There are 2 protein chains.
Amino acid sequence: MSFSYRYPRPALTVDCVVFGVHEGRLLVLLIRRGQAPFRGDWAIPGGFVDVQESIDDAARRELQEETGLTNVYLEQLYTFGAVNRDPRERVVSVAYYALVRRVEHQEVAASDAAQAEWFPVDELPSLAFDHEEILQTALARLRAKVRYQPIGFELLPTKFTLTQLQQLYETILGHEIDKRNFRKKILATRLLKPLEEFASGRHRSARLYRFDRSQYQKLVKQGVNFEI
Amino acid sequence: MSFSYRYPRPALTVDCVVFGVHEGRLLVLLIRRGQAPFRGDWAIPGGFVDVQESIDDAARRELQEETGLTNVYLEQLYTFGAVNRDPRERVVSVAYYALVRRVEHQEVAASDAAQAEWFPVDELPSLAFDHEEILQTALARLRAKVRYQPIGFELLPTKFTLTQLQQLYETILGHEIDKRNFRKKILATRLLKPLEEFASGRHRSARLYRFDRSQYQKLVKQGVNFEI
DNA sequence: ACAAAAGTGTTCCCAATACACCCATGG
DNA sequence: CCATGGGTGTATTGGGAACACTTTTGT
């Protein structure tokens with residue numbers, strides 16, 4: 001069976017830059033390509049958009065199929081439409097980025113044939129197609145967005161300590177932050193709900209917090225903004 | 001002649017929200033549709049992406065063909081890919097927005113058959129497809145972006161007075177701004193080059209300025225930011 | 001007891017805001 | 001001469017940044 005059109009059409013794909021954090025490093029999930037072109041190279045997970053699914057759905061489906069990840073924060077990034085970005089034929093790709101918690105656990109194991117692996121963003125292998133550009137675009141977006149919108153929480157477990165949160169921000173923004181100022185500022189947003197639980201590490205135990213989503217919605221409606 | 005593919009493909013279009021300013025109002029350029037569906041309704045200019053042109057090129061071409069506009073500030077906005085956004089068949093649209101100077105002059109006259117007309121953003125007719133959503137997305141982007149990036153200049157003549165600039169910001173942001181504070185802040189950025197020319201209006205003549213693009217590039221490289 | 005991380009307040013400075021009057025020009 | 005918009009300075013305030021020590025816990 002085949003489908004014919006009066007004019008040639010670009011193929012349409014979605015690609016998804018998946019971010020995670022582990023031991024204070026920002027990671028990206030990549031897939032090793034099994035076929036040409038760029039066979040053996042690493043690439044961002046993605047695939048074709050079915051004609052009967054929305055592009056958001058396509059992004060979620062591909063993510064699930066290629067990495068096993070579900071229920072992640074997912075946001076459209078940018079659409080890449082240079083004529084020769086795929087050497088085989090014209091392919092336009094709508095790029096997304098995803099934020100996932102608990103990189104350590106192997107949701108990635110759920111992936112089928114394809115190999116998937118986490119790479120630190122500052123030690124990337126060479127990537128297929130224009131995926132390097134897509135990845136850098138995603139990174140820039142993440143760095144910019146984390147400053148004024150509380151999306152960082154999507155990269156942490158639901159219960160976390162303030163130190164974890166601070167390290168996350170330091171990791172993403174790439175510079176150190178003063179502990180006292182950070183705590184003052186983050187608590188002043190009233191977006192964190194202190195719990196009566198404590199994380200016991202190797203030393204003094206730290207209070208756990210969770211992100212208060214309903215409070216966030218409330219403040220968004222009031223037009224409050226959250227510069228970090 | 002026809003083109004056939006193993007799997008059905010969504011059609012790919014570009015749509016372009018064109019903003020302009022006139023007499024202190026923010027306007028959008030719309031096209032009246034000549035055919036069904038939504039015949040007679042107003043719509044954002046746009047059309048199909050050719051297989052041998054980039055999506056950016058497609059946006060510029062469609063803008064030129066439908067409105068006669070060239071050499072405008074153009075930026076990709078978002079890609080709209082809901083399954084039923086076009087009642088005829090699956091169409092994914094990459095939306096752009098454009099900022100144009102001198103709304104008063106009839107570049108629009110260059111358009112061929114189609115009627116094009118400027119509408120104030122707060123007095124829009126009902127729009128075809130999901131164009132209302134696209135337009136509101138563009139508006140939100142413009143309002144957000146104008147605060148931290150000097151794109152407002154793209155809506156003014158190359159030489160302008162500070163009052164013109166202030167009114168533009170007031171128009172876009174939707175609130176009044178203190179004249180003295182605005183001038184202090186805008187001049188402190190050093191992004192405006194004072195000219196030795198003056199605009200003679202009905203009263204005391206006002207100094208003209210132009211946006212110093214090279215200075216802007218320089219400051220961007222230094223990572224300076226420009227909150228207004 | 002000590003090493004390591006948790007937790008906490010104050011001072012300083014700059015940038016944002018609020019605010020009112022004189023000046024130049026055209027009619 | 002007067003109406004209209006052009007142009008300017010200062011005082012106040014609030015938020016961001018800098019900065020160091022005590023507390024708790026595990027080993």
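Chain identifiers are assigned alphabetically (A, B, ...) following the order of the sequence lines, protein sequences preceding nucleic acid strands; residue numbering begins at 1 within each chain. From a predicted model like this one, the values you see are computed outputs, not experimental measurements.
- Between Pro150(B) and Leu191(B), the shortest heavy-atom distance links the atoms CG-CD2, 3.9 Å.
- Ring pair Phe129(B)/His131(B) is tilted by interplanar angle, where 30° to 60° counts as tilted.
- Applying the salt bridge (Lys or Arg N to Asp or Glu O under 4.0 Å) test to Glu154(A) and every residue at least two apart in sequence or in another chain returns Arg101(A), Arg213(A).
- Within a 6.0 Å radius of CD in Gln136(B), other residues, nucleotides and ligands contribute more than 12 heavy atoms.
- The shortest heavy-atom contact between Gly20(A) and Trp118(A) is N-CZ3, 3.5 Å.
- Atom CZ of Arg183(B) is separated from atom P of dC23(C) by 16 Å (rounded to the nearest Å).
- Among pairs with a residue in residues 133-158 of chain A, those fulfilling ring-ring contact (aromatic ring centres under 6.0 Å, His included) read Phe153(A)-Phe160(A), Phe153(A)-Phe211(A), at least two apart in sequence or across chains.
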Provide a list of protein-nucleic acid N or O atom pairs under 3.5 angstrom, restricted to nucleotides 16-19 of chain C.
| unit_1 | atom_1 | unit_2 | atom_2 | d |
| --- | --- | --- | --- | --- |
| dT17(C) | O4 | Lys184(B) | NZ | 3.3 |
| dA18(C) | N7 | Asn181(B) | ND2 | 3.0 |
| dA18(C) | N6 | Asn181(B) | OD1 | 3.2 |
| dA18(C) | N6 | Lys184(B) | NZ | 3.4 |
| dC19(C) | N4 | Asp178(B) | OD2 | 3.3 |
| dC19(C) | N4 | Arg180(B) | NE | 3.3 |

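- A heavy atom lying under 4.0 Å from DNA chain C marks the following residues of residues 188-208 of chain A, by number: His203(A), Arg204(A), Ser205(A), Ala206(A), Arg207(A).
- With rounding to whole Å, Leu187(B) atom CG is found 10 Å from dG7(D) atom P.
- Here the straight-line distance linking atom CD1 of Ile172(B) with atom CD1 of Ile228(B) works out to 11.0 Å at 0.5 Å rounding.
- Using the six-membered ring where Trp is involved, Tyr97(B) and Phe19(B) have ring planes that are perpendicular, over 60° apart on the 30 and 60° scheme.
- Taking atom CG of Asn225(B) as the reference point, atom P of dA15(C) lies 12 Å away to the nearest angstrom.
- The distance from atom CD1 of Ile186(A) to atom C1' of dT8(C) is 17 Å, rounded to the nearest whole Å.
- Residues of residues 160-177 of chain A that place a heavy atom closer than 4.0 Å to DNA chain D do not occur.
- Residues Arg207(A) and Glu197(A) fail the side-chain proximity criterion, which asks for heavy atoms closer than 4.5 Å.
- The stretch residues 162-182 of chain B participates, sequence neighbours left out, in these ring-ring contact (aromatic ring centres under 6.0 Å, His included) pairs: Tyr169(B)-Phe182(B).
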